Amino acid sequence: MTSARAHDEDSLSTALWVLVAHTGHHRCAGWTFEERDELLKCACGTPLFQLRMIDQEASEDDPR
């Protein structure tokens, strides 16, 4: 049995692969994510997306 945390990490990993594939970099050897600059970069070094963590509680309070 897998833990909820392992399941969440698997889901995040899958989502990141989808983003990388969407940009056409699916043939590269992976990606990196630097929390400091919030950039998802392809293994080839190309910056692909800027990802920002949101506070789930704050987003539930905002009805947008």
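Sequence positions, counted from 1, serve as the residue numbers for this chain. Note that the structure is predicted; figures quoted are calculated from it, not measured.
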Test side-chain contact (heavy atoms from CB on, under 4.5 Å) on L19 and L48 and set out the steps. CA-CA 8 Å; L19 287 173; L48 302 175; over 6 Å; no
When the side chains of residues 23-37 are checked against the rest of the protein, which donor-acceptor pairs come out under 3.5 Å, sequence neighbours left out?
residue	atom	partner	partner atom	Å
T23	OG1	V20	O	2.6
D37	OD1	L39	N	3.2

Could you name each residue pair satisfying salt bridge (Lys or Arg N to Asp or Glu O under 4.0 Å) that touches residues 41-54, not counting sequence neighbours? E38-R52
